[in-house]
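Only one structure is covered here, and it is reproduced in the block below.
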Amino acid sequence: MTTNTLGAAHTSESVRYLDEIELGQTWVTPGRTITETDVVMFGTWSGDMHPLHMNEEFAKQTQFGGRLFHGPGVLAMAFGLEMGLGWKNPSAIAFLGIRDWNLLAPVRIGDTIRVSEEIVEIRPSASKPDRGIVTTHVRVLNQNGDVCQEGRWVVLLSRRPARSE
């Protein structure tokens with residue numbers, strides 16, 4: 001198993017095509033700290049103004065003892081962090097789905113999250129030889145290494161284009 005930490009800016013060397021990835025290959029993103037602005041902006045554009053996210057006095061009375069970042073907001077941020085790795089850009093054709101996504105621990109204002117991703121399945125297409133399906137196990141980790149969310153992401157990925165001479 002190889003581990004790569006690709007920077008936020010990708011280069012043509014960081015792009016991976018279907019025929020260039022291996023089972024067990026992993027990547028870890030840089031961290032991103034959740035801010036008050038993240039909570040307010042996500043609540044505003046999504047319409048999720050639940051008091052657990054927007055009302056400190058209410059949230060103090062819950063089992064969490066304070067406000068939390070929205071679970072779907074964490075997922076959205078994980079997509080951005082993962083795309084920042086650059087390994088699927090421009091090799092990804094389409095995002096096909098999420099399997100078994102679980103929210104395991106709260107994410108709070110001030111937490112720093114990062115994404116760990118591992119290739120768990122590679123399935124070349126039987127009908128279209130220029131592509132295949134890749135499944136990755138994705139974990140969103142906080143600054144303590146606790147898994148906050150995890151599941152599998154499924155992507156349709158290109159094979160490396162033939163070189164024209």
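Since this is a predicted model, take the numbers as computed values, not measurements. Along the sequence shown, residues carry numbers from 1.
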* Checking side-chain hydrogen bond (donor to acceptor under 3.5 Å, both in side chains) for the pair Gln143/Asp111: CA distance, chi angles, key distance, verdict? -> CA-CA 7 Å; Gln143 67 277 3; Asp111 281 352; 3.1 Å; yes

* Asked: Quick one: do Val154 and Ile98 end up in the same hydrophobic cluster if we chain Ile, Leu, Val, Met, Phe, Trp and Tyr together by side-chain heavy atoms under 4.5 Å apart?
  ->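 Different hydrophobic clusters.
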
* To do: Spell out, yes or no, whether Leu103 and Leu68 are grouped together once hydrophobic residues are joined by side-chain heavy atoms under 4.5 Å, including indirect joins.
  =>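 No, no single cluster joins them.
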
Tell me if a side-chain donor or acceptor on [X] pairs with a main-chain N or O of [Y] at a distance below 3.5 Å.
{"X": "Asn55", "Y": "Glu57", "value": "yes"}
{"X": "His70", "Y": "Asp48", "value": "yes"}
{"X": "Ser158", "Y": "Ser91", "value": "yes"}
{"X": "Thr29", "Y": "Val115", "value": "yes"}

* Would Glu118 and Trp27 count as having a side-chain donor-acceptor pair, cut-off 3.5 Å? ->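 No, no side-chain donor-acceptor pair sits under 3.5 Å.
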
* Is the closest side-chain donor-acceptor distance between Glu150 and Trp101 under 3.5 Å? ->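 No, no side-chain donor-acceptor contact under 3.5 Å.
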
Going from [atom1] on [X] to [atom2] on [Y], what distance comes out if it is rounded to the nearest 0.5 angstrom?
{"X": "Phe42", "Y": "Met54", "atom1": "CZ", "atom2": "CE", "answer": "10.5 Å"}
{"X": "Ile122", "Y": "Ile21", "atom1": "CD1", "atom2": "CD1", "answer": "4.0 Å"}
{"X": "Ser116", "Y": "Leu141", "atom1": "OG", "atom2": "CG", "answer": "5.5 Å"}
{"X": "Leu81", "Y": "Arg32", "atom1": "CG", "atom2": "CZ", "answer": "7.5 Å"}
{"X": "Arg108", "Y": "Asn142", "atom1": "CZ", "atom2": "CG", "answer": "10.0 Å"}

* Residues Glu121, Arg152: salt bridge by 4.0 Å N-O rule ->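 Result for this pair is no, no salt bridge flagged.
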
* Do the charged groups of Glu20 and Arg159 touch, with an N to O distance under 4.0 Å? ->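 Judged by the 4.0 Å cut-off on N to carboxylate O distance, Glu20 and Arg159 do not form a salt bridge.
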
Heavy-atom distance under 4.5 Å between the side chains of [X] and [Y], does that happen here?
{"X": "Gln25", "Y": "Arg16", "result": "yes"}
{"X": "Trp153", "Y": "Arg99", "result": "no"}
{"X": "Val155", "Y": "Thr136", "result": "no"}

* To do: Looking only at non-hydrogen atoms, find the nearest pair between Ala78 and Val140 and report the distance.
  =>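 Smallest heavy-atom distance, with atoms named: CB-CG2, 3.7 Å.
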
* Between Thr35 and Val40, is a side chain to side chain contact (heavy atoms under 4.5 Å, CB included) present by the stated rule, with each step listed? -> CA-CA 9 Å; Thr35 67; Val40 172; over 6 Å; no

